[in-house]
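What follows is a set of notes on a single structure, which appears directly below.
For the numbers below, each heavy atom of this structure counts, side chains included, while hydrogens, waters and symmetry mates do not. Since we're looking at a predicted model, the values are computed, not measured. Along the sequence shown, the residues carry numbers beginning at 1.
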Amino acid sequence: AIRYFEKLLHDLDIICALSLDPVLENVLHFIAQFQKSVPDLVPRAFLQTLLVQDGKLYGRDLFCDVISRALSLPDIIGDKEFQSNEFVVQLVGYQLAQNSLYKHCMATAQAWEELAGLE
C-alpha cells in the first residue's frame with residue numbers, strides 16, 4: 001500500500017509540473033511521456049480533468065484557438081461565427097481534438113504507443 005501511494009504521489013507530482021502553455025504538440029508530448037511511466041487510473045483521470053474542462057484546454061483555451069495556432073490558420077478562424085459553423089467544427093476537428101485528449105489520457109502506455117504509431 002505504501003508503494004502504491006508513493007507512486008501515486010510521484011505521478012501527481014509529474015502532472016503538477018506540466019506547463020500550462022496551450023501548445024497542442026507540447027500537451028501531446030507530455031501525455032506520451034507521462035504514459036511511459038505506466039500511471040494508475042487516478043493520476044490519468046486527474047490529468048484528463050486538468051487538460052479538458054468545460055470543453056476547453058486547461059479550462060481556459062478554446063480548442064478552436066489551440067488548433068488554429070497549431071495549424072497556423074488565418075485570422076478569420078478567430079471569428080466566433082465562423083468557429084460555430086458546424087462544417088468548420090468538423091473540418092478543423094475541434095471536437096476530435098478534445099475527444100482525442102480524453103482517450104490519450106485514459107489509454108495505457110502500450111495503447112498510447114499504438115495510437116501514436118510509436119511501436
Side-chain angles (χ1 to χ4, degrees):
I2 291 174
R3 275 188 242 132
Y4 171 80
F5 283 109
E6 286 176 343
K7 172 94 169 93
L8 177 64
L9 290 174
H10 175 71
D11 291 342
L12 293 175
D13 188 44
I14 291 171
I15 292 170
C16 289
L18 171 64
S19 168
L20 297 181
D21 184 23
V23 177
L24 192 57
E25 185 177 339
N26 295 347
V27 172
L28 293 174
H29 179 74
F30 177 85
I31 294 170
Q33 294 304 310
F34 180 68
Q35 293 293 29
K36 288 180 181 178
S37 71
V38 190
D40 192 35
L41 178 63
V42 173
R44 288 184 288 159
F46 277 116
L47 179 60
Q48 178 182 348
T49 302
L50 171 69
L51 291 176
V52 181
Q53 299 171 24
D54 299 324
K56 299 176 184 173
L57 183 63
Y58 304 126
R60 66 170 196 233
D61 297 297
L62 295 171
F63 277 95
C64 54
D65 295 337
V66 173
I67 292 171
S68 295
R69 281 192 302 273
L71 297 175
S72 300
L73 296 176
D75 290 339
I76 189 173
I77 302 299
D79 179 45
K80 299 302 176 196
E81 186 176 324
F82 183 80
Q83 291 174 0
S84 64
N85 181 300
E86 186 62 29
F87 174 74
V88 173
V89 170
Q90 295 301 321
L91 177 66
V92 179
Y94 305 144
Q95 191 64 41
L96 177 65
Q98 183 178 336
N99 292 341
S100 179
L101 284 179
Y102 277 134
K103 289 177 182 169
H104 288 329
C105 287
M106 298 313 289
T108 62
Q110 181 180 3
W112 166 253
E113 289 176 358
E114 291 171 7
L115 285 170
L118 302 174
E119 302 174 300

Check the pair Val42 / Tyr4 against side-chain contact (heavy atoms from CB on, under 4.5 Å), numbers first and verdict last.
CA-CA 11 Å; Val42 173; Tyr4 171 80; 4.1 Å; yes

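- Contact check for Ile31 versus Leu47: side-chain heavy atoms found under the 4.5 Å cut-off.
- More than 12 non-hydrogen atoms from other residues, nucleotides or ligands lie less than 6.0 angstrom from CZ of Phe30.
- Partner Pro43 forms a side-chain contact (heavy atoms from CB on, under 4.5 Å) with one of Ile14, Leu9, Asp11, Asp13 and no other, that one being Asp11.
- Distance check: Leu18 CG to Tyr58 OH gives 4.0 Å after rounding to the nearest 0.5 Å.
- By the criterion of side-chain heavy atoms lying less than 4.5 angstrom apart, applied directly or through intervening Ile, Leu, Val, Met, Phe, Trp or Tyr residues, Val27 is grouped together with Leu20 in one hydrophobic cluster.
- Atom NE2 of His10 sits about 10.5 Å away from atom CD1 of Ile15, to the nearest 0.5 Å.
- Between Asp21 atom CG and Leu57 atom CG the span is 9.5 Å, to the nearest 0.5 Å.
- In the hydrophobic cluster analysis, where Ile, Leu, Val, Met, Phe, Trp and Tyr join through side-chain heavy atoms closer than 4.5 angstrom, Leu50 is grouped apart from Val23.
- Across all their heavy atoms, Arg60 and Pro22 have their closest contact at NH2-CD, 3.9 Å.
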